[in-house]
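Input: a single structure, listed below in structure tokens.
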Amino acid sequence: MKRHNSRILAMMTLYQHDLIDHSKMKDILEEDKINAIDTYNEIHGTDNEVEYDETFYYSLVKGVLAHIEELDDMISKNLVKWTIDRLSFVDKAILRLATYEMMYTSTPKQIIINEAIDITGDYVDTEDFPAKKFNNRVLDNIKESLNGRQ
């Protein structure tokens with residue numbers, strides 16, 4: 001659960017990254033973590049401390065930010081009849097996060113995809129599940145693309 005919550009907080013931080021001046025992100029990363037925790041608590045109706053792995057959280061956020069152009073290129077190449085600019089900020093954050101993990105960590109790709117789809121269901125999707133299907137298809141395409149590179 002700690003790694004799952006770390007991914008959620010990282011997604012929220014990356015979402016905020018798209019809403020602010022990117023050049024200031026490194027200076028306010030700690031503040032954005034606090035904002036993400038507050039947002040998490042507000043969404044989940046709790047004041048309890050969020051259990052998460054702080055080291056894993058920072059590795060995800062910093063890793064995505066360090067490789068954002070490469071990640072966006074990989075996502076763009078695997079979108080079908082869509083462009084990255086048309087993605088919602090939340091979907092873009094989820095896809096960047098999952099793509100980063102698939103490209104730069106040893107976590108099994110299917111676990112990464114399942115986590116991303118769970119987060120999509122909780123934070124993006126409506127009752128008819130189009131976002132889950134869309135993100136799943138994109139991430140499956142990325143997984144196949146990466147498997148072809150190895």
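We're numbering straight along the sequence, starting at 1.
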Return the set of residues passing side-chain contact (heavy atoms from CB on, under 4.5 Å) with [X] (not counting sequence neighbours), or none when no residue passes.
| X | result |
| --- | --- |
| Asn141 | Asn78, Val80, Arg137 |
| Asn136 | Ile113, Ile117, Asp140 |
| Ser6 | Tyr52, Asp53, Phe56, Tyr57 |
| Ser106 | none |

Nearest-0.5 Å distance, [atom1] of residue [X] to [atom2] of residue [Y]:
| X | Y | atom1 | atom2 | answer |
| --- | --- | --- | --- | --- |
| Ile94 | Lys132 | CD1 | NZ | 11.0 Å |
| His17 | Ile68 | NE2 | CD1 | 5.0 Å |
| His67 | Tyr104 | NE2 | OH | 4.5 Å |
| Glu54 | Leu9 | CD | CG | 10.0 Å |
| Lys92 | Leu14 | NZ | CG | 11.5 Å |
| Phe89 | Met11 | CZ | CE | 14.0 Å |

List the atom of [X], the atom of [Y], and the distance in Å for their closest heavy-atom pair.
| X | Y | answer |
| --- | --- | --- |
| Arg7 | Leu97 | O-CD2, 3.4 Å |
| Ala98 | Ile112 | O-CG2, 3.5 Å |
| Ser145 | Met74 | OG-SD, 3.9 Å |

List the steps, then state whether side-chain contact (heavy atoms from CB on, under 4.5 Å) holds for Asp18 with Arg96.
CA-CA 12 Å; Asp18 267 354; Arg96 283 174 173 164; 3.1 Å; yes
Begin with the C-alpha distance, continue with both residues' side-chain angles, and end with the deciding distance and a verdict on side-chain contact (heavy atoms from CB on, under 4.5 Å) for Thr99 and Glu70.
CA-CA 10 Å; Thr99 302; Glu70 185 179 356; over 6 Å; no
Could you list the residues that satisfy side chain to side chain donor-acceptor pair (under 3.5 Å) with Asp118, not counting sequence neighbours?
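Asp118 satisfies side chain to side chain donor-acceptor pair (under 3.5 Å) with no other residue.
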Do NZ/NE/NH1/NH2 and the carboxylate oxygens of Glu115 and Arg3 come within less than 4.0 Å?
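No.
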For residues 74-91, which residue pairs pass the salt bridge (charged side-chain N to carboxylate O under 4.0 Å, His left out) check, not counting sequence neighbours?
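Of all non-adjacent pairs touching residues 74-91, those that pass salt bridge (charged side-chain N to carboxylate O under 4.0 Å, His left out) are Asp73-Lys77.
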Of Thr120, Leu139, Leu79, the residue whose pairing with Phe134 passes side chain to side chain contact (heavy atoms under 4.5 Å, CB included):
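Single side chain to side chain contact (heavy atoms under 4.5 Å, CB included) partner of Phe134 among Thr120, Leu139, Leu79: Leu79.
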Between Ile111 and Asn114, is there a side-chain heavy-atom distance shorter than 4.5 Å?
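Asn114 vs Ile111: side chains apart.
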